[in-house]
Amino acid sequence: MRSQHGPRVAVVGAGLGGLALARVLQLHGRSVTVLEREPARGARPQGGSLDIHPDTGQTALRAAGLLDRFRALSRPEGQEWRRVDPVTALPLPGPGHDEEGQREPGDSPEIDRGQLRGLLLESLTEGTVRWDSAVTGATPLGDGTWRLHLADGGTEDADLVVGADGAWSRLRPALSDAVPGYTGVTFVETGLDDCDIRHPALARTVGAGTLLAASDGKALLAQRNGDGHIRVYAAFRAPRDWRSAAGVRADDAAAVRARLLKHFDGWDEGLLRLLRENDSGFVDRPVSVLPVPHTWEHVPGITLLGDAAHLMPPVGLGANLAMLDGADLAHALVREPGVAEAVRAYEDRMLPRSARAARECLDTLDHLIPPTDS
């Protein structure tokens with residue numbers, strides 16, 4: 001059965017891709033429901049700053065009628081990218097960088113992920129997102145439609161269910177046996193609050209955008225966010241349980257700091273202050289990816305987008321592609337005569353594109369932090 005506003009579309013996950021899909025559908029007068037496991041919009045931090053690319057994320061925001069509002073919120077100065085020598089902290093020229101180590105300017109302004117998500121949420125009809133609605137799985141009903149099962153015992157039937165529920169998607173098993181695998185690279189995140197007032201020297205070192213120092217299979221990255229916070233990442237290859245292997249308790253921040261400082265021994269002391277002077281604890285962000293290419297045979301009434309479809313290293317493409325996925329699927333649903341045709345058209349476009357991007361991201365990660373056998 002279809003509603004009077006087209007097929008019943010249920011999106012699982014209120015991330016950037018799922019919200020972009022919902023927004024573009026609503027612009028075309030289509031009904032959509034977004035089911036989100038989080039209890040409320042501000043239930044958890046949304047992560048750092050994102051550079052939104054002209055040919056992906058900005059294309060999706062234009063389709064969503066939000067490009068001008070995005071530009072008003074974004075930080076063009078956040079595109080600044082400083083690459084420095086780990087031992088001397090002097091600027092390093094290189095491909096795409098000038099003699100001062102600055103990346104050549106482009107048109108990919110930065111915006112905090114939470115701001116961008118808020119922009120998309122506020123553009124939707126009230127009640128579109130159903131919070132505290134964790135989906136545990138889905139069952140085909142035999143006629144091309146699906147029944148979603150919720151953690152509270154409820155169900156939701158739809159002509160199309162869209163898994164926009166991230167790396168550990170509950171809907172992916174309906175299409176694929178693939179599961180994310182650890183790359184061997186871990187990012188350990190910490191941060192500096194109110195940096196211009198409390199850490200002015202480090203704020204000057206980082207600049208308006210991102211600072212990178214990399215050598216010998218490890219890297220320090222520092223990224224300015226729009227709220228005066230600097231996110232710091234120490235990246236290296238190690239077992240997923242590297243803290244246990246090092247004999248460091250997960251809750252012992254001083255011991256983690258000491259271990260990291262030892263790992264980066266010999267680096268410029270000004271750079272190491274990013275780890276010495278942190279205001280927050282240390283959180284492991286192991287980098288996991290889906291196989292490349294990740295594909296599946298078409299299944300009526302269900303598809304995936306974003307990290308659920310093509311989880312890749314966090315080097316600047318994932319969020320952009322998720323939004324573009326959402327916009328492309330919405331346009332296919334509006335343009336094609338039925339759900340099956342729309343999903344096939346979307347997957348034929350999305351799957352090859354995501355495979356190319358995933359290979360590019362893996363190459364970038366390997367260049368930044370080379371495998372030990374390279």
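No hydrogens, no waters, no symmetry mates; every other heavy atom, side chains included, goes into these values.
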Kindly indicate whether the side chain of [X], heavy atoms from C-beta on, has any atom under 4.5 Å from the side chain of [Y].
{"X": "L275", "Y": "L220", "value": "yes"}
{"X": "K218", "Y": "W267", "value": "yes"}
{"X": "F236", "Y": "L260", "value": "yes"}
{"X": "R243", "Y": "F282", "value": "yes"}
{"X": "P286", "Y": "W242", "value": "no"}
{"X": "S74", "Y": "Q115", "value": "no"}
{"X": "P293", "Y": "R359", "value": "yes"}
{"X": "L116", "Y": "L61", "value": "yes"}

Check: [X] side chain, [Y] main-chain N or O, donor-acceptor pair, under 3.5 Å:
{"X": "E80", "Y": "E77", "result": "no"}
{"X": "D268", "Y": "L271", "result": "yes"}
{"X": "S169", "Y": "G166", "result": "no"}
{"X": "R23", "Y": "S123", "result": "yes"}
{"X": "Q58", "Y": "D107", "result": "yes"}
{"X": "N225", "Y": "D227", "result": "no"}
{"X": "R113", "Y": "L50", "result": "no"}
{"X": "H229", "Y": "L192", "result": "yes"}
{"X": "R82", "Y": "P91", "result": "no"}
{"X": "S280", "Y": "G191", "result": "yes"}

Check this for me, if you would: do [X] and [Y] make a salt bridge, where the nitrogen-to-carboxylate-oxygen distance has to be below 4.0 angstrom?
{"X": "E269", "Y": "R276", "result": "yes"}
{"X": "D165", "Y": "R172", "result": "no"}
{"X": "R237", "Y": "D366", "result": "yes"}
{"X": "D328", "Y": "R335", "result": "no"}
{"X": "E110", "Y": "R231", "result": "no"}
{"X": "R353", "Y": "D325", "result": "yes"}

Is there a chain of hydrophobic side chains (I, L, V, M, F, W, Y, each step under 4.5 Å between heavy atoms) that links [X] to [Y]?
{"X": "V343", "Y": "V24", "value": "no"}
{"X": "L261", "Y": "L274", "value": "yes"}
{"X": "M323", "Y": "V129", "value": "yes"}
{"X": "W168", "Y": "V287", "value": "no"}
{"X": "L27", "Y": "L160", "value": "no"}

Atom of [X], atom of [Y] and distance for their closest heavy-atom approach:
{"X": "D193", "Y": "H199", "answer": "O-CD2, 3.6 Å"}
{"X": "V292", "Y": "A358", "answer": "CG2-CB, 3.6 Å"}
{"X": "D159", "Y": "R8", "answer": "OD2-N, 2.6 Å"}
{"X": "A214", "Y": "P86", "answer": "O-CG, 3.6 Å"}
{"X": "A60", "Y": "L324", "answer": "CB-N, 3.8 Å"}
{"X": "G18", "Y": "L305", "answer": "N-CD1, 3.9 Å"}

Measuring from [X]:[atom1] to [Y]:[atom2], what's the distance to the nearest 0.5 Å?
{"X": "W131", "Y": "R41", "atom1": "CH2", "atom2": "CZ", "result": "7.5 Å"}
{"X": "T183", "Y": "L362", "atom1": "OG1", "atom2": "CG", "result": "8.0 Å"}
{"X": "L121", "Y": "E126", "atom1": "CG", "atom2": "CD", "result": "12.5 Å"}
{"X": "H294", "Y": "L304", "atom1": "NE2", "atom2": "CG", "result": "7.0 Å"}
{"X": "L35", "Y": "T128", "atom1": "CG", "atom2": "OG1", "result": "11.5 Å"}
{"X": "L211", "Y": "L221", "atom1": "CG", "atom2": "CG", "result": "8.0 Å"}

Fill in: Check against side chain to side chain contact (heavy atoms under 4.5 Å, CB included), R69 and L119
CA-CA 8 Å; R69 289 159 68 184; L119 176 62; 3.7 Å; yes
Discussion item. One pair to check against side chain to side chain contact (heavy atoms under 4.5 Å, CB included): L92 and V84. What are the steps and the verdict?
Written reply: CA-CA 5 Å; L92 285 177; V84 300; 5.6 Å; no
For [X], does the [atom1] atom sit with more than 12 other heavy atoms under 6.0 Å from it, leaving out its own atoms?
{"X": "D68", "atom1": "CG", "value": "no"}
{"X": "H298", "atom1": "NE2", "value": "yes"}
{"X": "E297", "atom1": "CD", "value": "no"}
{"X": "D177", "atom1": "CG", "value": "no"}

Worksheet item: In the hydrophobic clustering that connects Ile, Leu, Val, Met, Phe, Trp and Tyr at side-chain heavy-atom distances below 4.5 Å, which members other than L311 occupy its cluster, ordered by chain and number?
Response: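 The other cluster members (ILVMFWY side chains, heavy atoms under 4.5 Å, direct or chained) are L290.
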Discussion item. Starting from L317 and following side-chain heavy-atom contacts under 4.5 Å between hydrophobic residues (I, L, V, M, F, W, Y), which residues can be reached?
Written reply: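 Answer for L317: M312, L321.
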Fill in: Intermediate values then yes/no, side chain to side chain contact (heavy atoms under 4.5 Å, CB included), V32 and L124
CA-CA 10 Å; V32 59; L124 298 177; over 6 Å; no
Any luck finding a side-chain donor-acceptor pair between [X] and [Y] under 3.5 Å?
{"X": "S288", "Y": "R240", "value": "yes"}
{"X": "R75", "Y": "S49", "value": "yes"}
{"X": "T139", "Y": "H149", "value": "yes"}

Item to complete: Please test V135 against L150 for side chain to side chain contact (heavy atoms under 4.5 Å, CB included), starting from the C-alpha separation and ending with a verdict.
Response: CA-CA 4 Å; V135 172; L150 307 181; 3.5 Å; yes
